[in-house]
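Reading through the structure tokens given below for one structure.
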Amino acid sequence: MMQSHIRQSGAAAAAAVALFSYCTAFGREGKKEENGSVGVHHLVAAALVEWRPPRRHAAISSAPLTSFYPNLAICEPIRDVESDNDDDDDDNDDNDSDVGFYYLRMNPKEVERTSLSDSHAIFGALSGTGMIERYDIYRRVLDDVAVERKPRGGSSRREVVIVNLSVGDKLNGHGGIVHGGILSLLFDEAMGWAYECLRHEDDWLDDPSSPVTAVTANLTVDFRAPFVEGSEGVIRVYHDERKGRKIYFTAKLESKDGEEMAKGSFLAIRMKYL
Ligand SMILES: CCCCCCCCCCCCCCCC(=O)SCCNC(=O)CCNC(=O)[C@H](O)C(C)(C)COP(=O)(O)OP(=O)(O)OC[C@H]1O[C@@H](n2cnc3c(N)ncnc32)[C@H](O)[C@@H]1OP(=O)(O)O
């Protein structure tokens with residue numbers, strides 16, 4: 001109802017830039033700039049009790065609340081990125097360009113695995129100043145029209161999750177360059193969230209009654225450019241294919257300027273007994 005749509009065709013990059021710019025325009029403490037231009041309306045999830053994401057995130061994560069972790073987010077209309085894209089001519093758009101989506105921020109504290117802050121690598125031991133300073137996960141949600149048009153079956157490549165992240169100066173390999181193992185970790189986690197998001201889609205699991213816990217069986221990362229300490233970036237995870245228990249993903253890490261810093265491919269396998 002209140003959701004705005006980000007145009008998929010030609011505007012995805014703009015959306016990402018807007019998302020990134022917006023996320024990084026505010027401090028980690030979530031202070032909103034005076035006279036900030038984003039998000040005037042908000043819906044608060046009724047079930048939200050303990051944790052509320054800063055408004056800066058809510059502004060890019062408009063969502064009609066669904067049964068999918070219903071207490072994850074405060075919802076506000078997303079920023080209208082179309083206004084940043086005036087080159088687009090509405091009259092000339094074909095139907096496909098009307099397909100829309102928005103991003104919904106996920107809350108790790110709602111999830112048993114990631115809420116184990118003492119033992120979780122990203123949200124626990126390696127979280128903090130100089131280390132993983134930000135790891136904000138957003139599920140990409142299709143609007144109603146897009147859902148209707150979404151290809152069914154196991155081989156529809158699409159972006160599932162993005163992660164807005166920042167890494168400090170204490171996780172390097174070479175001086176000033178973030179350790180490749182750390183980047184692999186960041187990729188691996190992002191893929192895990194993508195899997196979790198997919199498996200909650202009604203039509204996605206061919207056999208919902210079978211075990212749904214998945215683990216990473218294979219992870220390959222190509223490092224394209226040094227990700228320097230103190231950098232911010234965005235990981236985009238794409239679901240490529242599903243073959244029975246095997247789920248294939250690819251991902252890329254983009255710098256703040258949109259440069260591809262690394263890309264990864266993943267195979268997650270649903271376990272037999274968990
Ligand atoms: C909003 C909510 C957010 C939630 C937020 C939480 C998210 C939560 C998500 C969890 C994601 C966590 C993200 C961190 C992910 C880790 O870090 S997990 C930890 C690291 N990974 C592990 O410990 C896995 C260890 N390995 C294993 O347990 C087992 O080898 C596996 C992967 C379960 C496979 O064992 P298996 O089921 O016995 O496999 P098997 O029947 O032999 O083979 C099945 C198929 O897979 C193939 N295969 C098996 N292994 C491989 C391989 N390494 N390479 C290629 N193919 C393979 C086989 O060839 C076979 O293929 P088909 O013949 O069917 O075509």
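Throughout, numbering of the chain's residues begins at 1 and tracks the sequence. Start at 1 and go down the list; that is how both ligands and their atoms are numbered.
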| Any N/O pair Lys246/ligand 1 closer than 3.5 Å |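 Indeed, backbone or side chain, Lys246 has an N or O that close.
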
Evaluate Arg270 for polar contact with ligand 1, using N/O atom pairs at a separation under 3.5 Å.
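By distance alone, the answer is no.
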
Region of [X] engaging ligand 1 - heavy atom pairs below 4.0 Å:
X: Ala268; result: neither
X: Thr216; result: both
X: Thr213; result: neither

Between the candidates [options], which shows the shortest non-hydrogen contact distance to [atom]?
atom: atom 46 (O) of ligand 1; options: Ile137, Leu104, Ile269, Asp188; answer: Ile269
atom: atom 10 (C) of ligand 1; options: Ala214, Ala190, Ala217; answer: Ala214
atom: atom 37 (O) of ligand 1; options: Arg245, Lys243, Met271; answer: Arg245

Any donor-acceptor pair under 3.5 Å linking the side chain of [X] with the backbone of [Y]?
X: Ser255; Y: Asp257; answer: yes
X: Tyr135; Y: Ala190; answer: yes
X: Ser184; Y: Gly180; answer: yes
X: Asn218; Y: Ala268; answer: no
X: Arg245; Y: Arg270; answer: yes
X: Ser127; Y: Gly124; answer: no

Below 4.0 Å from any atom of ligand 1, is there a heavy atom belonging to Gly244?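 Gly244: no contact with ligand 1 (<4.0 Å).
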
Element-labelled atoms of ligand 1 that are located less than 4.0 Å from some non-hydrogen atom of [X]:
X: Lys272; value: 37 (O), 38 (O), 41 (O)
X: Leu267; value: 54 (N), 55 (C), 56 (N), 57 (C)
X: Gly192; value: 7 (C), 9 (C), 11 (C), 13 (C)
X: Met106; value: 1 (C)

Go through it in stages, so that I can follow the logic: the residues are His179 and Leu185, the test is side chain to side chain contact (heavy atoms under 4.5 Å, CB included), and I'd like the CA-CA distance, side-chain angles, deciding distance and then a yes or no. CA-CA 10 Å; His179 199 295; Leu185 167 70; over 6 Å; no

Item to complete: Kindly work out whether a path of hydrophobic side-chain contacts (I/L/V/M/F/W/Y, heavy atoms less than 4.5 Å apart) joins Tyr238 to Ile137.
Response: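 Per the 4.5 Å side-chain linkage, Tyr238 and Ile137 are not co-clustered.
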
Candidate pair Leu186 and Ile122, rule side chain to side chain contact (heavy atoms under 4.5 Å, CB included), full reasoning: CA-CA 8 Å; Leu186 301 177; Ile122 289 180; 4.0 Å; yes

